[in-house]
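Each chain gets a letter, A, B and so on, in the order its sequence line appears, and its residues count up from 1.
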Amino acid sequence: MITLSKISAVRNHFRATQKASLFHAFAAEADPLISLLRLLELSIETHSLKLNLQAHARAQRLGLTQHSLIAQKLIFSCCQFKRPIDAQLVFDSLSVKNAHICNTLLSGYGKSQLFIESWELFREMSNGSVLPLADDFTFSIMFKIVGDFGEVFHGRMVQGRSVKNGLVSDTVVGNSLMSMYDRCGCFDDCLKVFDEMPLRNVSSWNALISGYVKVNVENGNNSFYKYRLWDLVKGMQNDGLKFDAFTVSTLLPLCGGDAGVDNCIDKCGHGRELHSYIFKNGLDLNSSLDSGVHLGCCLIDMYSKNGKVDVGRKIFDRLKRKNVFTWTAMINGYVHCGEFDEALFLFREMQRRDGVGPNKVSLVAILPACSSFAGLLGGKQIHGFAVRRELNHELSLCNSLIDTYSKCGSLNYATQVFEHECIHKDAISWSSIVSGYGLHGQGQRAVNVFDKMLQSGIKPDTSVIVGVLSACCKSGLINDGMRIYDTIVSNYEIKPTVEMCSCMVDMFGRLGELNRAHDFIKSMPFEPGPSIWGALLCASAMHGNTEMQDVAYKSLIEIEPENSSNYIALSNLYAASKRWDVVAQVRKGMRERGLKKVPGCSWISINSATHSFFVGDKSHPCSDLIYVMLDELVSAMKLTCYNPDFVYLMEV
DNA sequence: CTAGGGTTAG
């Protein structure tokens, strides 16, 4: 029973004024039918389950559950509140069921991932004996459900039915059919539908473009795809259609950044063009639709990934509507650009100022910021937060935690997450823990875990192989390294990559097996690059083999004359062997090419404050004391007859 | 009541 006090409680519940008009309409309505309808709409808009249940009771009491409009709204709202069984009860009790009502329930089943139920309902609507015949809405909904489910086989059956019913030529049905094929990984079929469509709208082109981008990414892509993609975009404009928010958000992620050299349309150039397109064409970032917020996210992301996080921030600050996606995109932007302090600040602001709770993606995004400056504590806090939110078994979060913990120095925590929290492991999980062991010099453990992974039938990918090989290399496990290398090449038919080969060269080299390293280089299935020669160079210097050193050096400078690290490494190595003439020569060569070395940095966290240091840095307030202590330590080291090997300490 | 999208991990 709706009482006045309940109504005023509802009124107090509203924060937004736009809901008030609906409320007044409801309160002022004399006709019980209209009043009930308003109440139902109100419960849907305010996401109030309580109100909805009251509306439900009222409908029962007034005997209005058979009314088609009321019934439809009841079914819709039950589905909104994730109560598909209730929706089903309302549906079953109806003596007359129109197509609208059937479609509403069908869509509700889809939203609750009830594939079998939706398939059954669709089947009943197909023969048209008891339930009304499937219409254009039915097919759109069904294509979406099949797309979610991912079985193209079912999609083709639905399509066959829609051909029979003469509905494939409908634009919206065609668009959803295209999208279904996209999501089931059948781009060719998607293209075919597009070609055969009698009438296309912006969404048809969007579906085509986003399907094309997806194929592009999955196939590892090449420039052919890239040009074809631009043809599509031009084709759309030739058709007299303008980009909408969806088009722009599909294209933005391809503008530079992480998309990789081949996949990106070009550097930031097109990104800026798209940005100005947004403003010239009045696409509203503050629109009440989600598409506006989404556009903002994509822009922030695009600028951050192209190193212009400040531009991203300006866009972010101007957004009137921020949600967890926008906040996360901004935080991620700062993390991406290495501005961890600002990222952590925003992570707190998001919750403090906007009351937006982080989701699992936000946590994954902020974790790398913890793995450096904030130290172990930050990682543990995030972990604790995840446990409280019951997110700690999420795959991506576990993977990120494993990595963070091992980078913060806590192999124990990393192992615990890997073994106890990461229930479903993927290639990244294995790779993270293997690299963790490698990083901590526990080569044997890395090898054991890697072997265990192979035993459990998981196919190793490039990253985990590089991880285990580099672990072997650091721990001097030459036999394991060779065994693993041979296994993956012969048993798994994986083509060795540059990284894998560098590890092998490094491994032979460190143990002084320089000729073996050189022979390995000659046997590689591709031309040796800078990292290969760099590894050999380092090793030959380490073992004082000047002959091999010169071989490596010459090859290195030849193929990579612009990389300052080469010169620094070289200059340091010659300095170590006191060949000062060559040092001066190398440094001069660098200056002539205008190269500068980006300095490395170390840091330490004490009582939650982080102190960072560059080479020769005197900016720390306690700098004088620190250097005095350093001198004392060096003296102490010499006194104990420990002869530090500066070859290992040199800045490369 | 219908189609299309977002931020994340080695």
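Contact annotation for A/Asp136: no contact, since no heavy-atom pair falls under 4.0 Å across all strands. Residue A/Asn323 is classed as a base contact, given a heavy-atom separation below 4.0 Å to a base. Within the nucleic acid shown, A/Ser179 comes within 4.0 Å of sugar-phosphate atoms alone, with no base atom in reach, counting heavy atoms only. Across all strands, A/Ile141 comes closer than 4.0 Å only to sugar-phosphate atoms, never to a base (heavy-atom distances). A/Asn206 comes within 4.0 angstrom of a base, heavy atoms only. Counting non-hydrogen atoms under 4.0 angstrom, A/Val173 reaches nothing in the nucleic acid. Residue contacts for A/Ser431: at a heavy-atom cut-off of 4.0 Å it reaches a base atom on one of the strands shown. Residue contacts shown for A/Ala427 include a base, since a base heavy atom lies under 4.0 Å away.
Straight-line distance from the CD1 atom of A/Ile300 to the C1' atom of B/dT7: 10 Å, rounded to whole Å. Look at CZ on A/Phe76: it is 7 Å from C1' on B/dC1, rounded to the nearest Å.
One cannot find a donor-acceptor pair under 3.5 Å joining the base of B/dG10 and the side-chain atoms of A/Ser432.
With a 6.0 Å cutoff to the six-membered ring centre and a 45° limit on the axis angle, A/Lys459 does not count as a cation-pi contact of A/Tyr492.
At least one side-chain nitrogen or oxygen of A/Arg183 sits closer than 4.0 Å to the OP1 or OP2 atom of B/dG4.
Legend: residues meeting side chain to side chain donor-acceptor pair (under 3.5 Å) with A/Thr328, ordered by chain and number and at least two apart, are A/Ser362.
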Please tabulate, for side-chain N and O atoms in residues 185-195 of chain A, each donor-acceptor pair with protein atoms closer than 3.5 Å (sequence neighbours left out).
from	atom 1	to	atom 2	distance (Å)
A/Asp189	OD1	A/Arg156	NH1	3.0
A/Asp189	OD2	A/Arg156	NH2	3.4

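Evaluated for a salt bridge (charged side-chain N to carboxylate O under 4.0 Å, His left out) with A/Asp317, the options A/Lys314, A/Arg313, A/Lys320 yield exactly one hit, A/Arg313.
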